[in-house]
Amino acid sequence: MWLRSSAVREWCAVDVDAIELHQRDASGSWERDARGARVGVRDSVASATGVRFGRARPAGAGGQTVTRRSSLGRFRRFDVSACACAACVVALAASAHAQVAREPLTPPRLVEAPDPHYPDEELGSGRTPIVVLHVTLDATGAVQEAHVDDTAGEAFDREALAAVRRWRFEPARRGDRAIAARVRVEVRFSLPDFDLPAEPIEEPDEHGDDVPSFPRVAPAQAQPEPSPPSIEESSPEAQPAEPAAAERAEPELGVVARVDREAAEPARTSTEHTLDRDLLDAAPRREAGDLLQSVPGMFAARGEGDAVGHHLMLRGFDAGHGQDIELTIEGIPINLPSHLHGQGYADVGLVLPEVVRAMRVTEGVYDPSQGDFAVAGSVDFRLGVRERDRGIASRTTFGSFGTLRQLLLFAPRGMDESTFGAASYRRTDGFGQGRASEGGSAVLSLGFGEGRWHGRVFGIAHGARSEIPSVLRADDVDAGRVGFFDRYDDPIARAQSALSVRLMLGATLEHRGERGERTFGTLWASYDDFRFQASYTGYTQRSESVPAWVGRGDLIEQRNETIGIGLRAAHRTEEGQLFDWLKASIELGFAGRADLIEQGQYLVAVPENETWDERVDAGITGADVGGWVDVDLRITDYVRLRGGGRADVLFYDVDDRLGNRIPSGRPDSYIIGHRRTAFGVAAGPRASLEVRPIEPLALMIAYGEGYRSPQARQLADGERAPFTKVRSGDVGFRLEVGGARELELVGTAFYTHLSEDVAFHAEEGRLEPVGPTTRVGGVLALRTQPLPWLVGALSVTYVHATLDEPPPATPEDPTPAFEPGALLPFVAPWVVRADLGAHERLFDVDGHPVRGRVGVGFSFLSPRPLPFGQEAAPVALLDASIGASWRWFSIGVEAFNLLDTRWSAAEYFFASNWRPSEQPSRLPARHTSAGAPLTILGTFGVTL
Amino acid sequence: MRAAIIAAVAMMVASACGSTAQEYVELPLHGAGAGTAAFTKGAWSVTIERADVALGPVYLCASSFADVDTCPIAYGEWLGTAAVDALDDAPQMLGDARAITSTVRTAMLDYGRSWLLTEPRPRANEGVPEGHSALFVVRANHEDGTTLEVHARVDVDPSAPGQSAVFGAPLGTEEIHGDEALIVRLDPVAWWRGVDFDRIAAADDGDGVVELVRGDVEYDALLHGMTNRAIPAFEWAQP
């Protein structure tokens, strides 16, 4: 094969220290051909992106083997040919000669290489084999045929073939004509080391095309002129050449497949998912909260403005702002314990969606490493920028409601996925009154390491301020007294706003041994500041501090400041062969965190924000120290039993500065304040059993007990911290056809019982206990990528969630909103989600491909029960996007709520009074917070 | 497959169960008098000739003693105000109260004058006769032949912002289904029984007409009757 001169020049410019020259004679060894023009370029090692040239590389004469620490965080081994630069010159000359002699031949380029799946049954083997394949490509670049040339065993062969069939190439070309070709591909399986997906090395082609390319295709054999092309060529209609001829003439294309952490951690239940970037890219996403929509059974909506966390719902849990979902970034918790606005408050706004490479979702609590708030499940955002998305990028988004978002991404190509920096700024006037917001985020991540060591340090900063429209009475909307997208024309409504600031620093270090053992440690620190000022009830409150003060408006101010530090570490042993039929490994883990929390809640009067009542003024010191044991038993090839237990010890020191408040009318006889401490232990078993009766099908059953820590301020002195205990069981199946990405169908039935649940209390603007609850339901989820350019997912979740024993009526609360057996409020029994995305090369302009993409996302929530037996309206939202890219440029249009459905991001049912000069209604009424109407955003991007 | 379909149908059916669905309903609300206008007290024979009493708003609560603290959420309410001829024992339509199907136990109400949380003092609601909670004209004849005509324009004000004038009025434990009506029965005779007509007569300046005004002991006695001694009685009835 001859390389076009420009390509060689760019290679030399881009990667000169990683190339070497090879020539191959008829026997297969590399040398200069008769014209001195055969130039092969190969990277001697796998880059961190997992790309590797397949053949053993002969040591170049005069070459020396050196090592350098790459920015990818591991050492690269490569040869530096003493004549590297000269080689480039030779290559240029050869190429020029070739162009004169005949039409240039362009090799196929690998543009997409989804990760192969490391066979589960081989996880304990410690093997890192190479499977050599012959792959026939048609004139469109599609894989027509693949067969094993060098086997590594049935399991590895199977996964290698499955992976390669999903790869996508740009076809080989003679001149401008696409031709069929055959290539030889090596798929190397390596033991888990880094959780970085395999990606082709970004390499500009001769046109400077910014599309990821993989042109490191070496000429197969020197041939005298007129020689057959080094790529076996045929007309589009022609059949591929015979293997013998192809072998003689075909180019080589080598790829090392990395096994990422997800693959190394096979699911314990059928509803444990990894949502990869392909799927996350399918539907339009504005923010990280939109990524969560694709989690089966999840619905996320912002009902309180852009500076307040999403309201989350997962598998029958109205998870509020996160009290029932353990949300983490690379294992570092986002949830904030004892947060005033909601226990476990988590604002995923600090996550830039563009740098999320995958989400690991565990529904239920079956993994011993799951900690606090893993009640409905856990979601871990895994950060990284894929090679094909890397570069220096600027994306400007503008559109409806004065929305502007500017993203800057710095992710040098060829570097570790975990090395990048990104910053974004966003502002909007909002889609209605009281919705203007402004915010920014920045993330800097640096991956490092060598060999089996890998580490990362990263920092995230996020800040946002927004106006809040709060909620509107539905009867006021229906009567036209206020517009659906408006807020009340009242001073306290106009004063509603929120501010959030979050800073997170983390460092991780991981070692993966040769035999599958793994050790990791994480240290983190976090600072969060939250201020919230809103009124849900209008004018109903009376001052508790000075009872004569009334009627100044229920403008609640909440302040919460948390400083947290923590660590997490675990070690998993290598898998030992205890018997012929039994292999076992064990993991010991440890996690701890300490939080210093200052919080206060007040009633303030506008316009001067004069405080007219104090409701909360407290300082809390909390600590959570936990450990877990996780045993993995592989009993023959058909049965796998995993499980163990986890125990957490929690400490609380509460300085409740308003405790022991002196009732009005009683003379002061002491100084108010109530300091107290509490201690508690939460422990429980977790186990899962997997049976594989036939290869593509796995049957799974799991049981686990988890916990949610208490709101510290509600603890009495010396109280054994009353954890919310969750008991969860799953029975399900997982069917994988053609590898998990081609078709994955999972189904599960689940049962969950909580010893003490919480629900939103409008008067206090926070969560209050509602007693034990039970959920029974099922999930059916499908994920498919039948073609490399097409990905889709569909999930249907049903849950029957009931209140078992809500708090009885008391003199203080004589009219409880909940009755035994009532459906759990705010929980939609049915949640449906569909994602569909396609991206493909469309045509060429000026010799450069134009690539298009389309995607849709659809979410449906069935009517949700509300307190007092009422029901919220169903929600059906359709989002769509379309875009194209050419060279460095990309444009796109994203439409959210394409059908312009009028929907409510939040619905509540309580009493309020927003007409202070009229008789106040005390009857519970439906209140809504409008969801966004049709929103169209256009994006223009440049990636260098 | 069949089992899966059956299971799915069963789950869908189950999704409709478990809810104690409450509904908004409307309850016709009536006012009525006790049916008597005359009584004797000591040497006085008293006839109430006029008793126009304002009612509203009315809140129906689940608590055993409805007041502003124990009834932040009501299960039924009528926010209007209307005058009732308290001498007529026939139900007089006030309006339709909105309610949620539930159990209610006590009520609180105003006599047409409310003290909103946001206002510095009580005020008369719309629909109040001459701006007062009640207008009374009472004729009292003494055994010695003395005749008095007593006029009273009574303002029954809540004691604190947000509070109702009458609280804790028993409803009987009643489950609202939406097919019932509610009658608020007033007993002006009981109110006037607490008045000392001898003292009123002593205040007569000779023309036989006395007007009770705020601050008078007998005025306060009347207030006490309306808000404590003989608070309105609620009766459930068929609409």
Side-chain angles (χ1 to χ4, degrees), chain A residues 475 537 539-542 547-554 747 749 763 776-778 780 796 798-803 809-824 829-830 862-863 865-871 909-911 913 915-925, chain B residues 4 7-8 10-24 56-66 68-81 97-106 108 110 114-120 123 125-126 160-164:
Chain A
D475 53 8
T537 51
Y539 292 84
T540 67
Q541 295 289 303
R542 314 166 71 88
W549 294 351
V550 296
R552 303 186 185 188
D554 308 348
E763 285 183 37
V776 179
L780 195 63
V796 179
Y798 168 80
V799 66
H800 182 67
T802 53
L803 288 153
T810 63
E812 293 75 26
D813 186 13
T815 57
F818 309 116
E819 298 182 10
L823 292 177
L824 199 63
W830 293 94
S862 65
L866 297 176
F868 300 103
Q870 301 301 301
E871 213 170 52
F909 205 78
F910 57 90
N913 175 30
R915 284 179 281 169
S917 60
E918 299 181 19
Q919 294 295 341
S921 172
R922 298 177 189 272
L923 211 58
Chain B
M11 290 169 70
M12 293 180 70
V13 171
S15 69
C17 303
S19 171
T20 55
Q22 292 166 297
E23 299 175 14
Y24 281 111
V58 178
Y59 299 97
L60 312 179
C61 304
S63 56
S64 55
F65 187 85
V68 68
D69 294 321
T70 61
C71 188
I73 294 174
Y75 277 171
E77 68 183 16
W78 179 62
L79 301 182
T81 298
R98 292 188 74 219
I100 292 177
T101 52
S102 58
T103 300
V104 291
R105 297 178 179 83
T106 54
M108 55 187 183
D110 287 336
S114 300
W115 193 349
L116 303 184
L117 272 179
T118 51
E119 296 187 350
R123 64 169 169 81
N125 305 327
E126 285 186 23
Q163 186 62 276
S164 291

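Below, chain A is the first sequence line, B the second, and so on; all start at residue 1. None of these values were measured; they are calculated from a predicted model.
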Looking at [atom1] of [X] and [atom2] of [Y], how far apart are the two atoms once the value is rounded to the nearest 0.5 Å?
X: D69(B); Y: R542(A); atom1: CG; atom2: CZ; value: 6.5 Å
X: T802(A); Y: L824(A); atom1: OG1; atom2: CG; value: 7.5 Å
X: L116(B); Y: Q163(B); atom1: CG; atom2: CD; value: 13.0 Å
X: Q541(A); Y: N913(A); atom1: CD; atom2: CG; value: 11.5 Å
X: I100(B); Y: I73(B); atom1: CD1; atom2: CD1; value: 9.0 Å
X: R105(B); Y: T70(B); atom1: CZ; atom2: OG1; value: 11.5 Å

Please state whether the side chain, the backbone, both or neither of [X] comes within less than 4.5 Å of a heavy atom of chain B.
X: P865(A); value: neither
X: E871(A); value: neither
X: R552(A); value: neither
X: S862(A); value: neither

Top contributor to chain A interface from P161(B), A99(B), G56(B) [non-hydrogen pairs under 4.5 Å]
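Answer, by heavy-atom pair count under 4.5 Å with chain A: P161(B).
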For each of V68(B), D110(B), T81(B), tally heavy-atom pairs with chain A at distances under 4.5 Å, and name the one with the top tally.
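Between V68(B), D110(B), T81(B), the count favours V68(B).
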Side chain, backbone, both or neither of L79(B) within contact of chain A (heavy atoms, under 4.5 Å)
both
